[in-house]
Visitor: 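After the structure tokens below, expect a handful of questions from me.
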Amino acid sequence: MIYDHAVIGSGFSGYSVVSLLKGKSKVCVISPASYRFAKDGYHRNKGLEFNRPFNKQYQSFMKSIWHIGANRIVDRLSLNGSSSLWGGTVDLEKDCRLFSRLEEIKILNLNRDLPGLKCNRELGVMVGRDGRIFETWKGFFSTYKDFVDGYVETIQKSDAGHLELKVTDGSSESTIKAHKVVICTSVPQLIQLLISSNLVPDEFKFSLNDHRMTFTTYKSVVDPRDCKVSYKPMVGLSRKLGLRVLYFPGFGIGPYVVDQTFTANDEKMEYVVKGKEPAVITTTNPESDFGKSIHYYGLTINDVPVTRYLSTVSENIFNVGHSTVLPDKPGPLTNYLLECAAQLA
Ligand SMILES: Cc1cc2nc3c(=O)[nH]c(=O)nc-3n(C[C@H](O)[C@H](O)[C@H](O)COP(=O)(O)OP(=O)(O)OC[C@H]3O[C@@H](n4cnc5c(N)ncnc54)[C@H](O)[C@@H]3O)c2cc1C
């Protein structure tokens, strides 16, 4: 069978694409659910892992080796990707009509509904039907019929004109055929897929942008260009411990103590890719903590925006993720990911 669309990744980007295409197109989703990357040739890149160190689902594996110093580019091969942590924050000051097409979620107002938190902007948090932070797996993919538990190693054009994905589940390989492929992986896994699929030159550079994020003690003043979230002590502590709770006795107690500020200060970082099997990725500034906000965006490949770059290699390979979006202000990326997904539906 040849699917209309094969979607790679089950985070919020993958969920948005599949949810918006539902009923219009025959769509399969590929994402590692149980596969644990025991295979030869895969490297664990600890520098790409971010909190929850004891949870194997949060480990990063791929063929390339990343030496990016203090830079913070995150890879999460779990079912829900990074999305099930706090990736579900929505900018309510933007046009949010598209969210009403996502049947599985509802949006809480951070300033109104969540104790112990306040923001200078109107932000929302996506929750599932169970009232907890929305998880794409539990809330959607676990019952999705055309879900394939596997890791996509390559995308190739077939002689017949469709695309073929080589998928591994750790012990065996299979081929998924589709007319269109939508890559919804993290940035590092997108780079890996482009290398393995020979869609980039042997040596190339890529770049990302990021609005600098800071953690400081609470101040009552705020620069209106920034997006500042203030935390009361217990909420701050629960976030520090990586807990995913919206409500807890004590969250509303005490003064605001910590500010997390996504500043209007924009930075750019370049990376260099050399070699193959394994490719080695280095950063041009290993001392910088670029990417600390985990809201980096706007991937370019050899100075060409990734969407345009992909259109030059195939008119049927698309990308939805941090890599594709170009936010006009600091803060959540969720709105942009959904808008990007809607362009395909
Ligand atoms: C702690 C934390 C807090 C965050 N807070 C916010 C926030 O407040 N607001 C905000 O907008 N964003 C936030 N983010 C960023 C957030 O990650 C994104 O907004 C969003 O969740 C990204 O979703 P995604 O689907 O593009 O990527 P991901 O959620 O990373 O999903 C990628 C998926 O691709 C799969 N995958 C990767 N490679 C392959 C492959 N080769 N084959 C098959 N499957 C593959 C993975 O298993 C995963 O399912 C936060 C991130 C973190 C880590």
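First listed ligand is number 1; within each ligand, the first listed atom is number 1.
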Visitor: List the atom pairs, donor and acceptor, that lie under 3.5 Å between side-chain atoms in residues 277-284 and the rest of the protein, sequence neighbours left out.
Guide:
| from | atom 1 | to | atom 2 | distance (Å) |
| --- | --- | --- | --- | --- |
| Thr283 | OG1 | Asn71 | OD1 | 2.9 |
| Thr283 | OG1 | Asn285 | N | 3.1 |
| Thr284 | OG1 | Glu270 | O | 2.9 |

Visitor: Just distance, no hydrogens or angles: give the donor-acceptor pairs under 3.5 Å from side chains in residues 154-161, sequence neighbours left out.
Guide:
| from | atom 1 | to | atom 2 | distance (Å) |
| --- | --- | --- | --- | --- |
| Lys157 | NZ | Val313 | O | 2.7 |
| Ser158 | OG | Ala160 | N | 3.2 |
| Ser158 | OG | Gly161 | N | 3.3 |
| Ser158 | OG | His162 | N | 3.2 |
| Ser158 | OG | His162 | O | 3.1 |
| Ser158 | OG | His162 | ND1 | 3.4 |
| Ser158 | OG | His162 | NE2 | 3.3 |

Visitor: Examine the proximity of ligand 1 to Glu153 and report which part, side chain or backbone, both or neither, has a heavy atom under 4.0 Å away.
Guide: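 Answer for Glu153: neither.
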Visitor: Would you say His295 has any N or O atom under 3.5 Å from an N or O of ligand 1, going by distance alone?
Guide: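 By distance alone, the answer is yes.
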Visitor: Of the non-hydrogen atoms in Phe290 and Glu267, which two are nearest, and what is the gap between them?
Guide: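 Nearest pair, atom of Phe290 first, then Glu267: CE1-O, 3.7 Å.
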Visitor: Ligand 1 and Val152, any nitrogen or oxygen pair closer than 3.5 angstrom?
Guide: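 Between Val152 and ligand 1, an N or O pair is found under 3.5 Å apart.
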Visitor: Which of the numbered atoms in ligand 1 are below 4.0 angstrom from a heavy atom of Arg76?
Guide: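 Heavy-atom distances to Arg76 below 4.0 Å select 46 (C), 47 (O), 48 (C).
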Visitor: Would you check if Tyr296 and Lys268 make a side-chain contact, meaning some heavy-atom pair closer than 4.5 Å?
Guide: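 With C-beta onward as the side chain, the pair stays apart.
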Visitor: Just jot down the ligand 1 atoms closer than 4.0 angstrom to any heavy atom of Cys184, in number order.
Guide: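 Listed by number with element: 32 (C), 33 (C), 34 (O).
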Visitor: Identify, by atom number and element, the atoms of ligand 1 in contact range of Leu333, meaning under 4.0 Å from any of its heavy atoms.
Guide: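 Those atoms are 10 (C), 11 (O).
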Visitor: Using side-chain heavy atoms (C-beta onward) and a distance below 4.5 Å, is Val229 in contact with Asp259?
Guide: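 No, side chains not in contact.
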Visitor: Let me know which of Asp91, Asp266, Asp223, Asp226 forms a salt bridge (Lys or Arg N to Asp or Glu O under 4.0 Å) with Lys329.
Guide: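 Result: among Asp91, Asp266, Asp223, Asp226, Asp91 is the only option passing the salt bridge (Lys or Arg N to Asp or Glu O under 4.0 Å) with Lys329.
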Visitor: Looking only at non-hydrogen atoms, which of Gly9, Ser13, Gly11 approaches atom 35 (C) of ligand 1 most closely?
Guide: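 Selected option, by shortest heavy-atom distance: Gly9.
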Visitor: Do you see a donor-acceptor pair shorter than 3.5 Å between the side chains of Ser25 and His5?
Guide: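 Distance-only check passes for Ser25 and His5.
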Visitor: What are the atoms of ligand 1, with element, lying closer than 4.0 Å to any heavy atom of Ser31?
Guide: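 Per the distance check, 35 (C), 43 (C), 44 (N), 47 (O), 49 (O).
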Visitor: Could you list which atoms of ligand 1 come closer than 4.0 Å to a heavy atom of Gln189?
Guide: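 Those atoms are 37 (C), 38 (N).
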Visitor: Looking at side-chain heavy atoms only, is the closest gap between Leu199 and Ile317 below 4.5 Å?
Guide: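 In short, these two side chains touch, coming nearer than 4.5 Å.
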Visitor: Which is closest to atom 40 (C) of ligand 1 in terms of heavy atoms, Phe262, Tyr336, Tyr151?
Guide: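 The nearest heavy atom belongs to Tyr151.
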Visitor: Quick check on contacts: which atoms of ligand 1 are under 4.0 angstrom from a heavy atom of Ile8?
Guide: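 Here the atoms of ligand 1 in question are 40 (C), 42 (N), 43 (C), 44 (N).
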Visitor: Is Met213 close to Thr261 at the side-chain level, that is, under 4.5 Å between some pair of heavy atoms?
Guide: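 A side-chain contact is absent here, since even the closest heavy-atom pair is not under 4.5 Å.
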Visitor: For ligand 1, which atoms sit closer than 4.0 Å to a heavy atom of Thr334?
Guide: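 It comes down to these atoms of ligand 1: 10 (C), 11 (O).
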Visitor: Please identify which atoms of ligand 1 are closer than 4.0 Å to at least one heavy atom of Phe12.
Guide: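 So the atoms of ligand 1 that pass are 23 (O), 25 (O).
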